[in-house]
Amino acid sequence: QVQLVESGGRLVQAGDSLRLSCAASVSTVSRYGAAWFRQASGKEREFVAVINAVTNTYYADSVKGRFTISRDNAESTVYLQMDSLKPEDTAVYYCAVRTRPSYRLASDYTASNAMDYWGKGTLVTVSS
């Protein structure tokens, strides 16, 4: 069992920056692919970014160049640095990990059903 707890979400203005954190309950999370997804009100959950065990990363086109995913294995924490935020980034952001055998490519982690454990989410609201 892996427990994930997201934090850092809050109300910000367009153009601001924000860093989300995802703390894992197990130190072995460093072995797994970890991703951020988001779900805006009334919309389906969508992939945002992923970092695999060898720190390869992959991003949704909508956030590429603005968001950066990283991990601190010593702290069992995954981060999402979000810059140049836009109102359309408003959503609940979820952290997820895959404990089943890893995919070869970071880009293979974009489907929700690829992930095995999820956090409860943290709300990011970007005002215009």
Testing Asp89, Asp61, Asp16 for salt bridge (Lys or Arg N to Asp or Glu O under 4.0 Å) with Arg66, which one passes?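 Looking at Asp89, Asp61, Asp16, the match for Arg66 under the salt bridge (Lys or Arg N to Asp or Glu O under 4.0 Å) is Asp89.
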Atom [atom1] of [X] with >12 non-hydrogen neighbours under 6.0 angstrom:
X	atom1	result
Gln3	CD	no
Arg100	CZ	yes
Lys64	NZ	yes

Would a 4.5 Å heavy-atom cut-off, applied to side chains only, mark [X] and [Y] as touching?
X	Y	value
Tyr58	Leu105	no
Val12	Met82	no
Tyr94	Gln39	yes
Leu85	Phe67	yes
Ser17	Asp83	yes

Work out which heavy atom in Ala114 is nearest to a heavy atom in Asp108; give both atom names and the distance.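 That closest heavy-atom pairing would be CB-O, 4.3 Å.
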Using distance alone, with no hydrogens and no angle criterion, decide if Arg98 and Tyr32 have a side-chain donor and acceptor under 3.5 Å apart.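 Distance-only check fails for Arg98 and Tyr32.
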Can any side-chain N or O of [X] pair as donor or acceptor with the backbone N or O of [Y] at less than 3.5 Å?
X	Y	answer
Asp116	Thr99	yes
Thr77	Ala23	no
Tyr109	Tyr103	yes
Tyr59	Ile69	yes
Asn52	Thr55	yes

Can you spot which of Thr68, Asp72, Ile51 makes a side-chain contact (heavy atoms from CB on, under 4.5 Å) with Tyr79?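 It is Asp72, the one option of Thr68, Asp72, Ile51 that forms the side-chain contact (heavy atoms from CB on, under 4.5 Å) with Tyr79.
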Using a strict threshold of under 4.0 Å (side-chain N to carboxylate O), is an ion pair present between Glu46 and Arg38?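 A salt bridge links Arg38 with Glu46.
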Rounded to the nearest 0.5 Å, what separation is found between the OG atom of Ser128 and the NZ atom of Lys86?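 Answer for the OG-NZ pair, Ser128 versus Lys86, is 14.0 Å.
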